[in-house]
Amino acid sequence: MLDPAAHSTEVAQQLLGATLHGPAGAGRIVETEAYGGSEDPASHAARGPTRRSEIMFGPPGRLYVYLIYGMHHCANVVTGPEGDGQAVLIRALEPVGDTTAMESLRPVRRRRDLTNGPGKLCAALGIDRTHNDVDLADPMSPVWVEERPEAPADEQIVTATRIGLSVAVDTPWRWYLRDSEWVSAR
DNA sequence: GTCAAGATTAGT
DNA sequence: CTAATCTTGACG
């Protein structure tokens, strides 16, 4: 069962198979990355709370959204004990249900480009910084996480290094579902 | 105040 | 491989 108060490395794996709901649609989580607090140099929380990262230091189970490269939003689940600064980045989704709204919000050539990346999935689901700090456990929230009906088999879960970093490049804190067509990178 | 870098993406 | 685009956080 999903326990946001657990360490981000555990929650990252618990989130695989869960469904992320946003204003414009929903998708099954197929790829995640864990970020730690002060012990993780790649984390926004590495140097203590700042105006951007303060949400990471708040209660677990809330949404942390940030803008990267001036144009893409990334969605994270705050995890761990309050004050620690951990979070899990949602990197890829398999679309669930009607994708009409998602596709009109973010037109793509290939269908797989709709949600196979952290910036892409936010654009498709309509998630941005206005959703910062929402309670992900509440189905009434504009953005929330529906717990998975059952855990994926162990052999379906692949452990890998995180993407796009310039530090801590060897830390194997990325997880994805082996058979998913929607994973952002192998 | 100034400035380099960034948990990305689409296009050449 | 590179441009796009702008916020953040470090430094002074």
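Convention: sequence-line order gives letters A, B, ...; per-chain numbering from 1.
Between the P atom of B:dA7 and the NZ atom of A:Lys120 lies a distance of 18 Å, rounded to the nearest Å. In this structure, CZ of A:Arg109 is placed 11 Å from P of B:dA10, rounded to the nearest angstrom. Following rounding to the nearest Å, A:His44 (NE2) and C:dT8 (C1') show an atom-to-atom distance of 9 Å. The distance from atom CG of A:Asp128 to atom P of B:dT8 is 18 Å, rounded to the nearest whole Å. Distance, A:Arg51 CZ to C:dA10 C1': 14 Å, rounded to whole Å. Atom CD1 in A:Ile127 sits about 16 Å away from atom C1' in B:dA7, given to the nearest Å. At whole-Å resolution of the value, CZ in A:Arg52 and C1' in B:dA5 are 10 Å apart. Atom CD1 in A:Ile55 sits roughly 14 Å away from atom C1' in C:dT8 (whole-Å rounding).
The only member of A:Val88, A:Asn76, A:Leu165, A:Leu89 that meets side-chain contact (heavy atoms from CB on, under 4.5 Å) when paired with A:Glu33 is A:Leu89.
Crowding of A:Glu181 atom CD: a count of heavy atoms from other residues, nucleotides or ligands under 6.0 Å not exceeding 12. Within a 6.0 Å radius of CZ in A:Arg186, more than 12 heavy atoms belonging to other residues, nucleotides or ligands are found.
Considering all non-hydrogen atoms of both residues, A:Glu31 and A:Val183 come closest at OE1-CG1, 3.4 Å.
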DNA chain C base-pair string [pairs: Watson-Crick or G-U under 3.5 Å; |: paired with another strand]: ||||.||||||.

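Without hydrogens or angle criteria, A:Ser141 side chain to A:Leu136 main chain gives no donor-acceptor distance under 3.5 Å.
Once rounded to the nearest 0.5 Å, the distance linking CD of A:Gln13 with OH of A:Tyr176 reads 13.5 Å.
Remark: A:Tyr66 pairs with A:His44, A:Tyr64 by the ring-ring contact (aromatic ring centres under 6.0 Å, His included) rule, at least two apart or across chains.
Between A:Thr50 and C:dG9 there is a side-chain polar atom (N or O) within less than 4.0 angstrom of OP1 or OP2. OP1 or OP2 of B:dG6 sits under 4.0 Å from a side-chain N or O of A:Ser166.
For the pair A:Val11 and A:Asp3, the minimum side-chain heavy-atom distance is 4.5 Å or more.
Salt-bridge annotation for A:Arg178 and A:Glu155: absent, with no side-chain N of the basic residue lying under 4.0 Å from a carboxylate O of the acidic one.
Contacts between residues 57-76 of chain A and DNA chain C, defined by a heavy-atom separation below 4.0 Å, involve A:Leu67, A:Tyr69, A:Gly70, A:Met71, listed by number.
Separating the P atom of C:dT2 from that of B:dA5 is a span of 16 Å, rounded to the nearest Å.
Heavy atoms of A:Arg162 sit nowhere under 4.0 angstrom from any nucleic acid atom.
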